[in-house]
Every structure is written in C-alpha cells, then in structure tokens.
Peer 1: 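What follows is a single structure, and I will ask about it in a moment.
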Number of protein chains: 2
Amino acid sequence: MTLRNRCQLCSVRDCAPCSELTAGTADELARIVHRRRIPMGQILYGGVNQAKTFSIIVEGVVKLVNVQPDGSNQIVGLQFPSEFVGRPFAEGAPMVAEAATDLEVCAFSGSAFETLMQTHPDLERTIFKRTLDDLDTARQWMSMIARKTAEERVASLLMLIARKFGGKAEMAGLTSGALEFNLPLSRTEIAECLGLRLETVSRQFAALKAEGIITTGRRRGLKVADLTALGQRAQGLLHA
Amino acid sequence: MTLRNRCQLCSVRDCAPCSELTAGTADELARIVHRRRIPMGQILYGGVNQAKTFSIIVEGVVKLVNVQPDGSNQIVGLQFPSEFVGRPFAEGAPMVAEAATDLEVCAFSGSAFETLMQTHPDLERTIFKRTLDDLDTARQWMSMIARKTAEERVASLLMLIARKFGGKAEMAGLTSGALEFNLPLSRTEIAECLGLRLETVSRQFAALKAEGIITTGRRRGLKVADLTALGQRAQGLLHA
DNA sequence: TGTTTCGATTGATTTCTATCAATTTGGCGG
DNA sequence: CCGCCAAATTGATAGAAATCAATCGAAACA
C-alpha cells in the first residue's frame, strides 16, 4: 500500500506534505486527520474564542482577512487546494481565515497537530517551508499593491486565479489560449484583495471586456479569451 | 558563567534566540558565529551569486527590497536589532536584504547554520516562530499600504521607528512625551516603504511640521514633539 | 408571474497623489 | 571659503481612483 493510499492528505494531487514526510509521520497524521466539509463564510481560525485548528485544503478557497479598526476588510492572502491553513504558536491571531467558497479540508485539532510537530521534525520542517513561501508571497503582494495600477492589479489577480483554477492542459504553457472558470471571489472581495473599491474593480472588468480579453458569464463565471493579453496587462505574474 | 556571557548573540538586549535555546544549542551557535561590521548599502543576501548567510542584527537596520521589473524598488520589510535576517531553504531568494545603515551583526555561514537547524530542533523552532511573526508583520503592512492615506502611512512608519529607536524610558507608555532620534532611512527609502513618491513623503513631513507634531533636524534627525498626535495621525499602530 | 433583494454596473464629480519642474539645503572636496 | 553634488523641498498641473448616486440584472421568493 503506497503512501498515497494511507494518508488522507494525499487525496489532493501534488499534495506536498506527504511527499516530503516520512512514512511514519504520514501514518501519525492519518491517525488524527478529520475530513470536513465547510460552508462558505465559516471561520477556520481567528476571531473570538475560536478553537485552534489546522487544515489542508482539498477543495475550495480560503481568504485571510485583516479586519481594520474602521471596519473595512483587507484580504491579505488566499489559500488554494493542497495549501496549509493555520497559525502555529499563536496566542491570538491577528488575521481571520474564512471560507471564501464551500470547502473540503483535511482538518487537525490544534493540540494534536502541534504535538506531532514537536515530536516529528520532518512535519515541522514542512510547515516551516510553507510558511517561508507564504512570506515570500505576502511580500510580492505587498509590492503589487504598492506599485501597480488598478488595471494591472485586476489582471494580476485574474492571472493568479486562472493558473490555480483554469483548465490543466491549457495552462501548461501559461501564455496562450482561452479558458473558462468560476471566480471564487465576489467583486467586493476582489476589491478587498487589491486595495481598490468595488466600483473600480467593476470598471476594470468592463475595460477588459471591451478589449475582448475576457467575458463574464452569469454569476461568477469568467472566460479568459486572450491569456497572453491578460498577462501583458498584469505586468508580471504573481508567485502565488 | 551565564548563557548571556557564553553566547555572542546575547550581546543584544532582549535577544530572543538565546532565551529560547538550550545551553547546548547556544554553545554550538557561539562556535560558528562571526561578529561583523557591514557598511551601509552592502547586500546581506539575495542578488546575484551571493553566498548564503544568516545574521542577527546587533546594531543598525536592514531593508528587504523587492526589485520590480520596471526598475523601481519596493521595500517589503525592515529588520531591527535582535532580529533575524536570512532566507532558509531558498534556492534563489526573490528579495534582496541590504544594509540601510552601517551594521553590526552576528553572522553565520548558510551551510553551518542550516546544518545546526537540522540537528537542533529548538533552533529551528525559534527561527520558525520568527518567520511566523514576520509573516504577520508583512500582512499588516500590506493592509496599511492598501488602505491608509499618505499622511497615515508616514505617521505609521514614524511611530514604528520611534518605538524601535526612540528613548527607552520615554517610550514605555508609548503614548505621550517627546523624543528625538535619527531616521535610518532616506526620504526615497521611506517612499519605497510606503508605496508613495518621495515628493509626497516630503509634503507629509512638511504638514506634520506645520502642525507642530515633528521637527526635522539636520541630516536625518527627527524630533517628535507630540507622540500622541502622531499616533492619532497613524490611525492604528503597526505591530513591527 | 410579479416583487424583492443583493450584487454588479454605469455615470458624474471630487479628491488625492503622481508627475513634471524648479529651487533650496546641507555635506564634501578642492 | 567657494563651488559642486546629492538629497530634500516646494510649486503647478495632470491623472487615477475614490466617492456619491442611480440604475440594472439575476436569483430567490411569494
């Protein structure tokens, strides 16, 4: 029986943790994992008296939200399938992780997972590496928000989502062809990601539609007709 | 002989690593540490064919710079005395760490330090926790840049620097009194931190001076006359 | 099928910051 | 001491996005 079959984490294609973990650690993880379905809007961690939990996303998108004193929300990160959600060693987390869509996750109780990290250095190392990647990502986002125009920001986010959600084959080259998918975020959430107002986001969508680069379907449907052009508008791709 | 005396890291007041490390690990660290003086402008890591090194800052400030394709720079982080500078497990780091002032650091060769992390889980745990803190910090900065006005951003950065550099006693309460120090950054660098142009930063300084909240001395001198008012302009303090 | 509602779109206008363009200031070397 | 150079300041203007204000459209419901 392969690692893939023993560990529930590995139901996700390209599930990084398992490939880096020893068989023993994967066994231990499988013992404490709980597969969960989580509805859109539910808080995964943060907020008030929330029990600490860690998750690996199997399906869906999680948004990390920073609630400002004035009541406005800033989305400071998005987590996609196979990614880790949680804040180890935190007394009170400054951010809130919320299901942006309905989710399917592998969930671990905070205490069990942290104990396992203590005793299994390979697990801690894996989460550490992911945290370093998240840090790089956060800093690139910061650069984008600080320096890019509204058009470049919207195009950048659409490219990012297209890479995560778009058809697998079409995206291999990442530079051409068309593809279609559903946006995991509302206009308001997109604005909260990019440091823009929703009206501005809407206008940028309109501009991209007018240029024939995208078409919006009903609900949250989006078709990218010209991936190359969208990439050019983005002025550089985001790492995650 | 106390830990404080054995480990060169601990010459910095409140040096977190040592207080969290076992005596054995601190010994090992002391064995591979090199105290260094580094002139302003020198690259600590990143850039082209740079040997990987890790450092703990004893004196001075390090800026983490993201060089954009268009040539502009975005400063995505500042590191102050006692903080860790380095990017473990990176093939090629996307950021460049540069001495914003003349520095005094405890330096470790990349290979020696990473080996030590492998064999001493308490060291890895310590650096992991710092990375998580850096991630929280980066995300708060992102929120600030995305949502605050130019005045709020400048005031926020000045408050942050004041907390790090200002007189120790005066800052205890953090809310009142006056204090004086030298800015570790030029106007251009402040602009690069905040996602603004240097002219805008200069105008915000002028406005704060006109209101009697600050006075600028010669060179990079700054005197904060009304810390309370500066804090109000900042609309919420930055965590780091 | 009509109505309600929430999200999205579009329009008009204002505000803030970037941009372009001189000056001014302070530090440094001759 | 003077002049040069880099950094900082100040001014005038343009431009991008925010803001204010309707309107539209699709899904949900009676």
Side-chain angles (χ1 to χ4, degrees), chain A residues 40-41 63 68 70-75 100-102 144-158 182-211 214-223 233 235, chain B residues 40-41 63 68 70-75 100-102 144-158 182-211 214-223 233 235:
Chain A
M40 184 189 308
K63 56 177 180 174
Q68 306 287 84
D70 68 358
S72 67
N73 290 330
Q74 173 65 28
I75 295 179
T101 66
D102 288 341
M144 181 197 70
I145 290 174
R147 294 218 131 18
K148 285 189 178 180
T149 66
E151 179 184 48
E152 289 164 351
R153 293 186 219 182
V154 170
S156 294
L157 184 62
L158 293 184
N182 283 318
L183 287 169
L185 304 173
S186 69
R187 294 287 185 275
T188 299
E189 288 172 320
I190 292 172
E192 287 171 352
C193 271
L194 300 175
L196 299 169
R197 313 304 328 229
L198 68 93
E199 295 97 326
T200 303
V201 171
S202 190
R203 280 184 240 274
Q204 296 306 326
F205 269 80
L208 289 170
K209 277 192 279 189
E211 297 183 277
I214 63 171
T215 22
T216 54
R218 64 189 45 203
R219 257 193 113 195
R220 290 182 175 180
L222 185 80
K223 180 175 174 186
R233 303 304 143 115
Q235 292 281 71
Chain B
M40 183 189 305
K63 57 178 181 175
Q68 305 287 84
D70 69 358
S72 67
N73 291 330
Q74 174 64 28
I75 295 179
T101 66
D102 289 340
M144 180 197 71
I145 290 174
R147 293 220 139 7
K148 286 189 179 180
T149 66
E151 179 184 48
E152 289 163 351
R153 293 186 219 183
V154 170
S156 294
L157 184 62
L158 293 184
N182 283 317
L183 288 169
L185 303 172
S186 69
R187 294 288 187 275
T188 299
E189 287 171 321
I190 291 172
E192 286 170 354
C193 272
L194 300 175
L196 299 169
R197 315 289 356 212
L198 68 92
E199 297 96 325
T200 302
V201 171
S202 191
R203 279 184 240 276
Q204 296 307 327
F205 269 80
L208 290 170
K209 278 192 281 189
E211 296 183 276
I214 63 171
T215 22
T216 54
R218 63 190 46 203
R219 257 191 115 195
R220 289 180 175 182
L222 185 80
K223 181 176 173 184
R233 304 303 144 114
Q235 293 280 72

Peer 1: Could you work out which one of D:dC20, C:dT19, C:dT17 sits closest to the side chain of B:Glu199?
Peer 2: C:dT19
Peer 1: Within this structure, what is the CZ-to-C1' distance between A:Arg197 and C:dT9, rounded to whole angstrom?
Peer 2: 16 Å
Peer 1: Which residue lies toward the 5' end of DNA chain D, A:Ala150 or A:Arg219, if each is placed at its nearest nucleotide?
Peer 2: A:Ala150
Peer 1: Without swapping roles, check the side chain of A:Arg153 against the backbone of A:Leu194 for a donor-acceptor pair under 3.5 Å.
Peer 2: yes
Peer 1: Below 4.5 Å, heavy atoms only, C-beta onward: do A:Met144 and A:Gln235 meet side chain to side chain?
Peer 2: no
Peer 1: With a 4.0 Å cut-off on heavy atoms, is A:Gly217 in touch with a base, just the backbone sugar-phosphate, or nothing at all?
Peer 2: nothing
Peer 1: Report yes if the side chains of A:Asn73 and A:Lys63 come closer than 4.5 Å at any heavy-atom pair, otherwise no.
Peer 2: no
Peer 1: Which nucleotide wins on minimum distance to the side chain of A:Ser186, given the candidates D:dT9, D:dA27, C:dA8?
Peer 2: C:dA8
Peer 1: Which nucleotide in the set C:dT10, C:dT17, D:dA18 lies at the smallest distance from any side-chain heavy atom of A:Thr200?
Peer 2: D:dA18
Peer 1: Is the closest side-chain heavy-atom distance between B:Ile75 and B:Glu189 below 4.5 Å?
Peer 2: yes
Peer 1: With respect to A:Val201, which candidate in A:Thr188, A:Leu157, A:Leu196 satisfies the side chain to side chain contact (heavy atoms under 4.5 Å, CB included) definition?
Peer 2: A:Leu196
Peer 1: Start at the 5' end of DNA chain D and walk down; is the nucleotide closest to B:Lys209 or to A:Lys148 reached first?
Peer 2: B:Lys209
Peer 1: Using atom CG of A:Leu196 as one end and atom P of C:dA8 as the other, report the distance to the nearest whole Å.
Peer 2: 15 Å
Peer 1: Please report, rounded to the nearest Å, how far the C1' atom of C:dT17 is from the CZ atom of A:Arg147.
Peer 2: 13 Å
Peer 1: What about A:Arg203: does its side chain form a donor-acceptor pair under 3.5 Å with the base of C:dG11?
Peer 2: yes
Peer 1: From C-beta outward on A:Ala206, which listed nucleotide comes closest to its side chain: C:dA21, C:dT10, D:dA8?
Peer 2: C:dT10
Peer 1: From CZ of B:Arg218 over to C1' of C:dC28, roughly how many Å is that when rounded to an integer?
Peer 2: 14 Å
Peer 1: NA contact type, A:Thr149, heavy-atom cut-off 4.0 Å: base, sugar-phosphate, or nothing?
Peer 2: sugar-phosphate
Peer 1: Round to the nearest Å and state the distance from B:Asp70 atom CG to C:dT19 atom P.
Peer 2: 10 Å
Peer 1: Provide, to the nearest angstrom, the distance between the CG atom belonging to B:Asn182 and the P atom belonging to C:dG26.
Peer 2: 15 Å
Peer 1: Can you measure B:Arg187 atom CZ to D:dA6 atom C1' for me and round it to whole angstrom units?
Peer 2: 14 Å
Peer 1: Round to a whole Å and report the spacing from CD1 of A:Ile214 to P of C:dT9.
Peer 2: 9 Å
